[in-house]
Amino acid sequence: MPSGEYDPDAAEPYWQRRWVDEETYAYPDEPVDPNTAFAIDTPPPTVSGSLHWGHVYGSILQDVVARFHRMHDGEVFYPFGYDDNGIASERLAERELDVRHQDFERREFQRMCREVCEAYEAEFTEKMQGVGLSIDWNNTYRTISPEVQRVSQLSFIDLYEQGREYREEAPAIWCPECETAISQVETEDDEQDSHFHDIEFTVAETEEPFIISTTRPELLPACVAVFVHPDDESNEDLVGNHAEIPLFGHQVPILADERVDMDTGSGIVMCCTFGDQNDIEWYQIHDLDLRVAIDESAHMTAVADEYEGLHAGEAREAIVADLDDADALADRRAISHAVNVHERCGTSVEFLVTEQWYVEVLDKREEYLQAGREMEWFPEKMFTRYKHWVEGLQWDWLISRQRSSGIPFPVWYCADCDREILAEKEALPVDPLSDDPPVDACPDCGSEEFVPENDVFDTWATSSLTPLINAGWDWDAAAEEFTMERPEIYPMDVRPQGHDIISFWLFHTVIKCYEHTGEVPFDSTMINGMVLDENREKMSKSKGNVVEPDAVMEKYPVDAARYWAAGSAIGDDLPYQEKGLRAGEKLIRKLWNASKLVESLAPDPYPEAPDSDELQAIDRWLLAELDHEIERVTARLENREFSKARDGLRSFFWGTFCDDYLEIAKAREDDAAAYTLRTAHRRFLKLFAPLLAHVTEELWHEMYAEGADGDAADSVHLADWPTPLGLEADRAGGAAAIAVVGALRRYKSEHQLPLNADLDAVEVYADVRGFEADITGVMHVSDLTVHPDAEPPVETVVSGIDLDYATVGPKYGNEVGTIEGALAEGAYEIDGDDLHVADVTLSGEEFTVEKERRYQGEGAFLEADDVVVIVRNEP
RNA sequence: GGGUUGGUAGUCUAGUCCGGUUAUGACACCUCCUUGACAUGGAGGAGGCCGGCAGUUCAAAUCUGCCCCAACCCA
């Protein structure tokens with residue numbers, strides 16, 4: 001039985017350890033009913049550092065969902081993954097060991113990555129267990145593991161066989177620091193200081209000079225055309241001629257195109273291989289030359305003549321200086337502008353023509369939009385993000401990366417005819433660098449020489465397969481079909497994630513799983529907002545406002561953090577506020593203390609359910625109100641309305657159960673009260689369990705686990721979610737009785753009396769029959785008289801008229817103002833059911849007469865809701 | 001630059017889709033109260049031009065337009 005004060009420092013780690021040791025949340029190995037199995041697909045966090053408070057926040061919301069459905073529905077599949085196969089993890093290893101991947105042999109570097117990641121993964125595990133997440137720790141995966149490599153390569157081969165992947169030499173976004181192609185989603189804008197250079201070009205045909213403006217003079221050798229806007233009258237005579245490039249001397253055509261921004265600089269712009277995405281479009285549309293001046297590591301090529309070998313940055317300075325010497329630099333001014341950088345390393349990206357693998361997506365935009373529509377979105381409005389992303393797609397998905405660590409493409413090429421040779425599905429995973437291709441000779445040309453593909457998959461190509469990884473998707477060679485080890489969890493019930501990754505992670509997962517299985521992988525998606533600091537500002541290392549999970553956990557119970565996290569409306573950002581955690585602490589304490597009182601008022605052995613007619617009116621009232629609350633909380637949790645579920649349950653428990661019923665029950669000593677207390681309290685523990693996972697478990701074991709059926713004997717989290725009892729109850733009478741008690745409390749408070757002070761005589765004008773003993777008991781009333789039907793002995797004075805605007809408004813329109821004016825001045829007359837005012841007559845249903853009650857008799861006159869109470873008390 | 005979402009007492013928040021006249025609750029603040037768990041509790045009080053401007057309407061926190069601020073997504 002609970003005693004003393006609750007000690008979360010001891011209880012929380014105890015239960016966390018026990019949940020893990022006893023595998024409380026293990027998903028069964030044996031077949032599970034697909035109708036009750038509930039599966040969550042958590043996006044595996046990237047192993048690139050420590051977990052931050054945002055991870056904790058999102059995880060708690062997932063866990064509330066998991067715990068609720070475990071109690072409400074049945075078995076819950078709640079796995080955990082570590083995403084450790086991407087550039088982020090490689091860069092972590094480089095940072096941690098102070099090395100560069102280029103300096104190591106591929107296998108050796110991969111081994112180093114694994115070692116660094118292992119330490120961080122152990123820390124992830126510890127932290128996640130430390131917030132009491134009900135993850136099944138038997139179901140964890142690493143995105144670099146052989147099993148996942150197999151799934152990932154199977155996915156590649158399946159899409160290839162479906163004709164949805166192609167290899168092409170084309171302009172691609174390139175990070176010169178990481179020396180790999182990257183996709184559009186991996187870039188971000190960075191506002192950087194730069195210079196605008198006005199450079200003098202010459203028209204070859206006329207030797208007439210003109211000015212172009214550029215931030216990238218080092219691309220002069222890469223210039224392949226000059227553009228003016230078709231509407232640009234001042235420059236239109238240039239079109240059709242050629243321009244001679246200063247310093248480099250080559251000539252390029254001058255063309256017209258609408259993409260030119262006439263307002264920037266001179267309105268004449270140079271097009272290079274490639275400065276930006278515009279250049280790529282011009283290259284494609286106008287069939288321009290390729291003049292590659294910058295190589296994979298951002299050094300100048302032979303095209304740059306004497307600048308060959310210089311880093312692009314050095315070349316820029318050198319070229320600017322030489323332009324100046326040649327009197328070709330008209331102006332140079334400092335500006336600040338947005339530069340496209342690689343989000344992982346902050347390096348400005350280049351556009352290089354390289355051979356890469358792509359997944360075709362543009363042709364199925366409408367289908368993928370429909371796939372998104374088929375999911376239920378919490379909140380609904382987040383679907384718009386998905387929609388705009390899909391509608392705005394401009395590139396197929398580039399999935400090859402020129403990195404050391406990652407999952408290799410299961411592909412070889414014929415050395416003679418370049419035919420693509422894919423691995424056999426049953427042989428996966430393979431590494432073409434060390435494994436042989438599945439054929440001895442090229443089926444096309446018979447050559448026996450093969451070149452292995454050196455590239456690895458984009459990390460998202462793998463992390464977009466988590467539903468399939470979790471479901472145990474595989475290729476059955478004998479049956480020649482894809483199979484699933486746990487078909488009952490696919491499609492998965494919910495996919496939680498932050499709103500920042502809807503566009504790439506969620507989108508890619510939806511489309512890949514959809515292509516493999518023909519089904520949308522999620523029934524619903526739940527989008528959480530971002531965690532902000534206490535001033536509602538985004539947390540960032542540079543601002544120094546980052547909240548460290550460890551610091552919070554040291555100061556507050558985990559349940560308090562869980563309470564705080566559940567205070568958000570789904571999709572909204574949530575500021576970190578200590579008072580939110582303090583409120584959580586208060587609720588934990590209240591729950592603990594109330595439990596102690598329940599224990600002492602209704603000690604062991606707990607009475608069996610009495611016949612319904614033995615329950616007193618107040619008992620039936622409480623249990624009926626609780627039924628109502630159960631329905632509300634259940635609906636709110638189903639709709640992921642965490643904040644409403646939390647606040648509603650909290651105020652019902654605190655106000656109705658503790659302040660109202662518990663106080664009344666103190667005066668009772670019968671079995672009906674004991675049964676009611678126990679029944680309600682046991683139900684409260686269950687209702688709070690998804691939220692306050694630890695304290696409810698502690699109390700459950702103190703009070704109920706021993707006598708519980710089945711799994712509930714092990715954990716409240718394995719108990720069944722409560723359903724309404726459906727008792728008949730006088731809910732109006734109970735509400736009136738509570739109003740009477742409230743009025744009497746207020747009376748005592750106003751008269752500075754202690755709440756347990758005796759009251760001599762109380763008269764109640766409301767139907768509180770059946771609740772008399774409860775009122776006298778809790779309020780210490782010596783003589784209570786109830787007048788269920790009689791009018792109170794008061795004079796009523798008309799104090800005003802309330803209009804029913806819903807009918808009066810539309811009916812009288814502009815006259816409403818006049819009517820209101822007359823009413824305010826008292827210029828009206830009540831005539832039976834009618835009201836004469838301002839030349840109109842309102843009928844009975846169009847207004848209500850407001851009456852003030854005046855009591856002239858002895859004692860104090862109290863009003864609450866529709867209840868009138870008269871107190872006569874000798875001091 | 002474009003799009004999305006949000007802006008409600010000192011702070012956080014409900015209500016906004018579907019307009020109806022004392023705008024919800026919590027924290028903090030003020031006053032009072034030791035009551036069979038909890039004073040880390042209980043009863044009460046004060047605190048708001050619902051981001052700004054304009055419009056629609058008898059009536060706007062709610063609908064429309066423009067503007068300002070913030071976050072996110074995309075250029």
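Every chain is numbered from 1, with letters handed out A, B, ... down the list of sequences.
- The base of B:U11 lies close enough to the side chain of A:Lys579 for a donor and an acceptor atom to sit less than 3.5 Å apart.
- Between the P atoms of B:G10 and B:G47, the separation comes to 12 Å (whole Å).
- Nucleotide B:U16 forms a pair with no other nucleotide shown, judged by Watson-Crick or G-U wobble geometry with both contacts under 3.5 Å.
- When heavy atoms are screened at a 4.0 angstrom cut-off, A:Asn814 is found touching the sugar-phosphate backbone but no base atom.
- When heavy atoms are screened at a 4.0 angstrom cut-off, A:Gly809 is found touching base atoms of the nucleic acid.
- The CG-P distance, from A:Asp533 to B:C12, rounds to 11 Å in whole Å.
- The same atom, C1', is picked in B:U5 and in B:U16; the two are 14 Å apart, to the nearest Å.
- Distance check on atom C1': B:A54 versus B:U11 gives 31 Å, rounded to whole Å.
- With C1' as the reference atom, B:A71 and B:C27 are 24 Å apart, rounded to whole Å.
- Taking a pair to require two hydrogen-bonding distances under 3.5 Å in either a Watson-Crick or a G-U wobble arrangement, B:A70 pairs with B:U5.
- Rounded to a whole angstrom, the distance from the C1' atom of B:C50 to that of B:U4 is 22 Å.
- Distances were taken from every side-chain heavy atom of A:Pro754 (C-beta onward) to each of B:U21, B:C33, B:U4; the shortest belongs to B:C33.
- A salt bridge is defined here as a Lys NZ or Arg NE, NH1 or NH2 lying under 4.0 Å from an Asp or Glu carboxylate O, and A:Asp619 with A:Arg668 meets this definition.
- Taking only side-chain atoms of A:Arg385, from C-beta outward, the nucleotide of B:C72, B:C58, B:G20 with the closest atom is B:C72.
- Salt-bridge check for A:Glu585 with A:Arg582: failed, with every basic side-chain N at 4.0 Å or more from each acidic carboxylate O.
- With centres under 5.5 Å and a plane angle under 30° as the test, the ring of A:Tyr812 is not stacked against the base of B:C58.
- Taking atom P on both B:A28 and B:G41, the two are 8 Å apart, rounded to the nearest angstrom.
- B:U22: no Watson-Crick or G-U partner with both key distances under 3.5 Å is found in any strand.
- Across all strands, A:Lys811 comes closer than 4.0 Å to no nucleic acid atom at all (heavy-atom distances).
- The CG atom of A:Leu662 sits 14 Å away from the C1' atom of B:G42 (whole-angstrom rounding).
- Checked against B:U4, B:G20, B:U11, the side chain of A:Gln577 finds its nearest nucleotide in B:U11.
- Comparing A:Phe504 and A:Glu641 by the nucleotide of RNA chain B that holds the closest heavy atom to each, the one mapping nearer the 5' end is A:Glu641.
- Place A:Lys596 and A:Trp654 on RNA chain B by their nearest nucleotides, and A:Lys596 ends up nearer the 5' end.
- When side chains are defined from C-beta on, A:Glu845 does not count as touching A:Thr807, because their heavy atoms never get closer than 4.5 Å.
- Aromatic rings from A:Trp460 and A:Phe504 are positioned such that their centres are separated by under 6.0 Å.
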Go through it in stages, so that I can follow the logic: the residues are A:Arg746 and A:Glu750, the test is salt bridge (Lys or Arg N to Asp or Glu O under 4.0 Å), and I'd like the CA-CA distance, side-chain angles, deciding distance and then a yes or no. CA-CA 6 Å; A:Arg746 215 170 303 128; A:Glu750 277 162 13; 5.6 Å; no
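- Using a 4.0 Å heavy-atom cutoff across all strands shown, A:Glu585 reaches no nucleic acid atom at all.
- Each of A:Tyr704, A:Phe657, A:Phe653 was checked for a ring-ring contact (aromatic ring centres under 6.0 Å, His included) with A:His681, and the lone residue meeting it is A:Tyr704.
- Put simply, NZ on A:Lys748 is 12 Å from C1' on B:A43, counting in whole angstrom units.
- The aromatic ring centroids of A:Tyr606 and A:Tyr675 lie 6.0 Å or more from each other.
- When the side-chain nitrogen and oxygen atoms of A:Lys586 are compared with OP1 and OP2 of B:C27, one or more of them lie within a distance under 4.0 Å.
- Here the side chain of A:Ala594 is nearest to one of B:A37, B:C33, B:C58, namely B:A37.
- Taking every side-chain heavy atom of A:Pro810 into account, B:C58 is the closest of B:A26, B:C58, B:G15.
- Here the separation of B:C74 from B:A9, taken at their P atoms, is 32 Å to the nearest Å.
- Closest approach to the A:Trp389 side chain among B:G44, B:A37, B:C74 is made by B:C74 (side chain taken as heavy atoms from C-beta onward).
- Closest to the A:Arg746 side chain, of the nucleotides B:A37, B:G41, B:A43, is B:A43.
- Side-chain N/O atoms of A:Glu5 and base N/O atoms of B:A37 include no donor-acceptor pair closer than 3.5 Å.
- For A:Trp389 and A:Trp505, the ring centers are positioned 6.0 Å apart or more.
- The listed nucleotides are B:A37, B:C58, B:G15; the one nearest the side chain of A:Cys658 is B:A37.
- Remark: A:Asn756 is in phosphate contact with B:U35, judged by side-chain N or O atoms under 4.0 Å from OP1 or OP2.
- If you measure from atom CZ of A:Arg646 to atom C1' of B:G25, you get 11 Å, rounded to the nearest angstrom.
- Between the NZ atom of A:Lys590 and the C1' atom of B:A39 there is a distance of 11 Å, given to the nearest Å.
- Under the Watson-Crick or G-U wobble criterion, with both distances below 3.5 Å, B:G10 is paired with B:C27.
- Whole-Å rounding puts the A:Arg582 CZ to B:C12 P distance at 15 Å.
- Minimum atom distance to the side chain of A:Asp573 is reached by B:A71, of the listed B:A37, B:A71, B:G42.
- Ring-centre distance between A:Tyr57 and A:Trp564: below the 6.0 Å cut-off.
- A:Asp659 places its CG atom 14 Å from the C1' atom of B:A39, with the value rounded to the nearest Å.
- When the C1' atom is used for both B:U62 and B:U21, the distance is 14 Å, rounded to whole Å.
- Considering only side-chain atoms of A:Asp500, the nucleotide from B:C27, B:C72, B:A37 that sits closest is B:C72.
- Taking atom CG on A:Leu823 and atom P on B:U21, their separation rounds to 16 Å, with Å as the unit.
- The side chain of A:Lys381 contributes no N or O atom lying less than 4.0 Å from OP1 or OP2 of B:C72.
- Pairing partner, B:C50: none, since no Watson-Crick or wobble contact has both distances short of 3.5 Å.
- In this structure, A:Ala569 reaches the sugar-phosphate backbone alone: every heavy-atom distance under 4.0 Å involves primed, P, OP1 or OP2 atoms, never a base.
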